Amino acid sequence: MVKSKILVIEDEPDILEVMQYNLEREGHKVVACRDGEQGLSRIRTDNPDVVILDLMLPGMDGVEVCRQVKSDPVTRAIPIIMVTAKSEESDIVLGLGIGADDYITKPFSPRELVARVKVVLRRGPLREDSGGVNDRVVRGSLTIDLGRHEARVDDRALPLTPTEMRLLHFLASHPGRVFPRAHLLSRVIGEDAVVTDRNIDVHVRALRQKLGEHQSLIETVRGVGYRFAEAAR
Ligand code: CA
C-alpha cells in the first residue's frame with residue numbers, strides 16, 4: 001500500500017488523537033499541528049499529500065489557511081479536507097469558494113474520515129511514490145530509469161550519484177511544478193539527514209554540470225526552490 005503523508009491541523013487534542021490513530025493504522029504518516037500558523041508553515045515545508053484542516057482554530061482559522069494554500073502556486077495542488085462542526089458551516093466553506101477539496105462534519109466516524117482521505121488521495125495530482133510504474137521517466141531526450149540506476153541524455157549516459165539520480169527523477173516526474181528546497185531535501189536525501197536547505201543547491205549544481213547543454217532543464221525559482229522545465233514535458 002502507498003504510504004501518504006497527511007498533515008492534520010486540529011486544536012482539539014481528543015479529535016486529533018482519534019484522527020492520528022486511525023490514519024496511522026491505515027499506514028499513513030501523520031504530522032499533527034495545533035494551530036493555523038504552524039499548520040501553514042508545515043504545509044509549505046512538508047508538502048503533504050493531503051491536509052485535514054479544522055475550520056475553527058485559535059489564531060489563523062481554517063478558512064484563512066485554506067485561502068493561503070490555494071492562492072500559492074507552490075501549494076495549490078495539495079488537497080484539503082475541511083473539518084467543520086456543523087453542516088451549515090460546510091455550506092459556508094463551500095460557498096466561500098476558497099478551494100477546499102472536500103469537507104467532513106463533526107462528529108464523524110473514523111471509517112468516514114479514512115474513506116474521504118482515500119478518495120482525495122486517489123484523485124490527487126501527485127503519486128510519485130506509487131512504485132515501479134513511474135520508475136522510468138522520459139522527458140524529451142532525457143531518460144531516467146530509477147530501477148536500473150540509469151540516466152541518459154541524447155543517448156549519453158549521465159554519471160549520476162544516487163542522490164542526483166533521485167533528485168533528477170523526482171523533479172522530472174513533475175515538470176513545471178516548483179518544489180521548495182526543504183521539500184526536495186526530505187524527498188531526495190531523507191528527513192533524518194543532517195543538512196541545511198542550501199545543501200540541495202550543491203546537488204543541483206553538480207547535476208546541471210553533468211547535464212551540460214541540457215542544464216536549463218532544471219530551473220531556479222528565486223526565493224522558493226527548483227522546478228523541472230515545463231517545456232520539456
Ligand atoms: Ca477547533
Side-chain angles (χ1 to χ4, degrees), residues 1-127 129 177-180 182-183 185-187 191 224-225:
M1 190 193 141
V2 177
K3 270 195 188 171
S4 298
K5 194 196 284 184
I6 302 180
L7 186 79
V8 181
I9 310 174
E10 169 65 74
D11 60 314
E12 285 153 79
D14 295 351
I15 296 176
L16 187 58
E17 198 179 319
V18 170
M19 287 180 171
Q20 186 155 11
Y21 173 78
N22 284 283
L23 292 168
E24 283 176 349
R25 210 177 50 166
E26 288 293 303
H28 301 302
K29 184 181 174 199
V30 177
V31 176
C33 293
R34 295 290 194 80
D35 66 69
E37 281 85 1
Q38 191 201 4
L40 188 59
S41 93
R42 286 305 292 263
I43 290 171
R44 287 173 174 151
T45 54
D46 292 18
N47 197 19
D49 298 302
V50 182
V51 176
I52 298 174
L53 175 61
D54 188 29
L55 180 68
M56 297 299 287
L57 294 165
M60 186 189 289
D61 69 11
V63 169
E64 186 53 28
V65 173
C66 186
R67 205 189 299 274
Q68 294 211 24
V69 169
K70 294 298 181 181
S71 63
D72 182 345
V74 177
T75 53
R76 193 161 46 203
I78 299 170
I80 293 183
I81 300 174
M82 292 288 282
V83 180
T84 64
K86 300 188 282 284
S87 54
E88 302 90 80
E89 284 179 0
S90 307
D91 295 340
I92 295 168
V93 167
L94 295 180
L96 285 172
I98 52 170
D101 298 78
D102 202 353
Y103 66 89
I104 191 166
T105 308
K106 291 176 188 171
F108 50 84
S109 69
R111 188 188 297 189
E112 191 182 357
L113 173 73
V114 166
R116 292 297 179 91
V117 166
K118 204 173 279 179
V119 168
V120 169
L121 279 173
R122 200 182 302 139
R123 66 177 181 223
L126 276 181
R127 285 274 39 93
D129 295 332
R177 191 172 157 158
V178 187
F179 292 100
H183 178 70
L185 272 177
S186 71
R187 284 285 178 178
E191 286 167 2
V224 187

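Just so we're clear, the structure is a prediction, and the values are computed from it rather than from any experiment. Indexing begins at 1, ligand by ligand and atom by atom, following the structure's order. The first residue of the sequence shown is numbered 1, and numbering continues consecutively from there.
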For Glu12, the N, O or S atom at the shortest distance from the Ca ion (ligand 1) is OE2
Rounding to 0.5 Å, atoms CG (Asp54) and CD1 (Ile15) come to a distance of 7.0 Å
Tell me whether Asp11 has at least one N, O or S atom under 3.0 Å from the Ca ion (ligand 1). yes
Quick one: does Asp35's side chain have a donor or acceptor within less than 3.5 Å of a partner on Gln38's backbone? yes
Is Asp101 reaching over with its side chain to a backbone N or O of Ile80, donor-acceptor style, under 3.5 angstrom? yes
What angle, to the nearest 10°, do the atoms OD2 (Asp54) and O (Met56) form about the Ca ion (ligand 1)? 80°
Hey, which of Asp72, Val74, Val69 is the one that makes side-chain contact (heavy atoms from CB on, under 4.5 Å) with Ile43? Val69
